[in-house]
Amino acid sequence: MDKEKILDKIKKCLALSKSANEHEAAQALKQAQALMGKYEVNAVDIALSEVSEQKADRKMAFKLANWQWSVATMISDVFGCQSYKRGKTMMFYGIGNRAEISAYAFDVVYRQISAERRKFLKTCRARKQAYRTYLADQFCNGWIMSAWEIVKKFEMSDEEKAVMDRYAKKEHSDMVEAKTRDAKSSILQGSTMEYEALAQGMESGKKVQLHHAMNGTDGVKQIGEQK
């Protein structure tokens with residue numbers, strides 16, 4: 001029997017140990033303890049088995065701008081996950097179905113901010129491509145700032161945080177901080193055009209709709225819907 005099946009069987013026994021039927025509960029707990037002893041499984045192993053990973057569908061560039069990372073970080077905060085990038089894929093990991101929800105939400109919100117970025121570029125007065133990229137990045141920074149203020153952060157319990165920390169150390173101990181790609185412009189920095197781009201982004205970001213939707217994939221479908 002492989003470890004995943006063993007853990008699944010132990011978790012089922014532990015769930016039954018909470019039964020209102022005292023005899024059934026005692027038997028289930030006894031069986032769970034026996035399995036844990038036989039296969040050398042401890043409480044940490046069981047807790048870590050609750051963490052899953054899910055990749056977002058959208059393909060990303062190898063090097064991202066700060067605002068792109070901020071989308072993933074915001075989604076992680078809202079749904080109680082952590083994120084990282086593997087090649088061109090944004091990955092999420094969390095307890096239960098949170099990773100699945102976060103990956104879906106990331107695709108939805110990234111699609112929203114990308115659409116708003118394109119709209120901004122259509123009206124952007126700058127002609128030089130480097131300036132347009134810089135201003136569009138400022139627009140997106142403003143969008144994220146505004147969206148982050150109105151969405152509700154998911155507060156993980158201390159126990160959940162400990163599980164997530166253990167998982168990160170076990171599965172991603174070699175992870176390093178990613179390098180970002182950010183457009184720079186000494187000419188536009190501090191200018192009226194920069195301020196206007198940031199302000200437009202902040203106004204646009206107020207439209208974001210994010211809900212915790214922790215009740216499975218049916219709830220996931222509601223993420224990102226605008227009123």
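Note that the structure is a prediction, hence the values are computed from the model and not measured. All residue numbers refer to positions in the sequence shown, counting from 1.
Both M175 and V51 belong to a common hydrophobic cluster when Ile, Leu, Val, Met, Phe, Trp and Tyr are linked at side-chain heavy-atom distances under 4.5 angstrom. V208 and M145 are not part of a single hydrophobic cluster, where members link through side-chain heavy atoms under 4.5 Å apart. Residues W69 and L198 fall into different hydrophobic clusters, defined by Ile, Leu, Val, Met, Phe, Trp and Tyr side chains chained together at heavy-atom separations under 4.5 Å.
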Can you list the steps and then say if I113 with I144 is a side-chain contact (heavy atoms from CB on, under 4.5 Å)?
CA-CA 9 Å; I113 192 172; I144 290 291; 4.0 Å; yes

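K206 places no side-chain N or O within donor-acceptor distance of the main-chain N or O of I150, the cut-off being under 3.5 Å. Checking side-chain atoms of R166 against main-chain N and O of L48 turns up no donor-acceptor pair under 3.5 Å. Using modelled atom types, no side-chain atom of R58 and backbone atom of D107 make a donor-acceptor pair closer than 3.5 Å. Judged purely by atom type and a 3.5 angstrom limit, S204 has no side-chain atom pairing as donor or acceptor with the backbone of Q200. Side-chain atoms of S52 do not come within 3.5 Å of backbone N or O of Y93 as any donor-acceptor pair.
Ring orientation note: the planes of F139 and F120 are close to parallel, at an angle under 30° on the 30°/60° scale. Below 30°, between 30° and 60°, or above 60°: for Y110 and W67 the angle between ring planes is below 30°, a parallel geometry.
Rounding to the nearest 0.5 angstrom, the gap separating the CD atom in E203 from the CD atom in E116 is 11.0 Å. Expressed to the nearest 0.5 Å, how far SG of C124 lies from NZ of K122 amounts to 13.5 Å. Rounded to the nearest 0.5 angstrom, Q112 CD and K207 NZ are separated by 10.0 Å. With rounding to the nearest 0.5 angstrom, the NZ atom of K88 is 14.0 Å from the NZ atom of K55. Note that NZ of K161 and CD1 of I95 are 11.5 Å apart. Values are rounded to the nearest 0.5 Å. To the nearest 0.5 Å, atoms OH (Y134) and OG (S191) are separated by 7.0 Å.
Contact record, A103 with F92: CA-CD1, 3.7 Å, taken as the closest heavy-atom pair. Across every non-hydrogen atom of T73 and S83, the tightest pair is N-OG, 4.4 Å. Shortest non-hydrogen contact noted between M193 and A126 is CE-N, 3.8 Å. The two residues F106 and A56 make their nearest non-hydrogen contact at CD2-CB, 3.7 Å. Considering every non-hydrogen atom in both M202 and S146, the closest pair reads O-OG, 2.7 Å.
Residues M74 and V109 form a side-chain contact, since some pair of their non-hydrogen atoms from C-beta on lies under 4.5 Å apart. At a threshold of 4.5 Å between non-hydrogen side-chain atoms, the residues V71 and Q68 do not count as touching. In this structure, the side chains of H172 and Y167 come closer than 4.5 Å at one or more pairs of heavy atoms. The shortest distance between side-chain heavy atoms of S70 and W148 falls below 4.5 Å. Counting only heavy atoms from C-beta outward, the side chains of M90 and L64 approach each other to under 4.5 Å. Counting heavy atoms from C-beta on, the side chains of T133 and Q129 come closer than 4.5 Å.
Of the candidates Q54, E160, Q82, E160 is the only one forming a side chain to side chain donor-acceptor pair (under 3.5 Å) with R98.
Side-chain atoms of K63 and T180 form no donor-acceptor pair, as typed in the model, at a separation below 3.5 Å.
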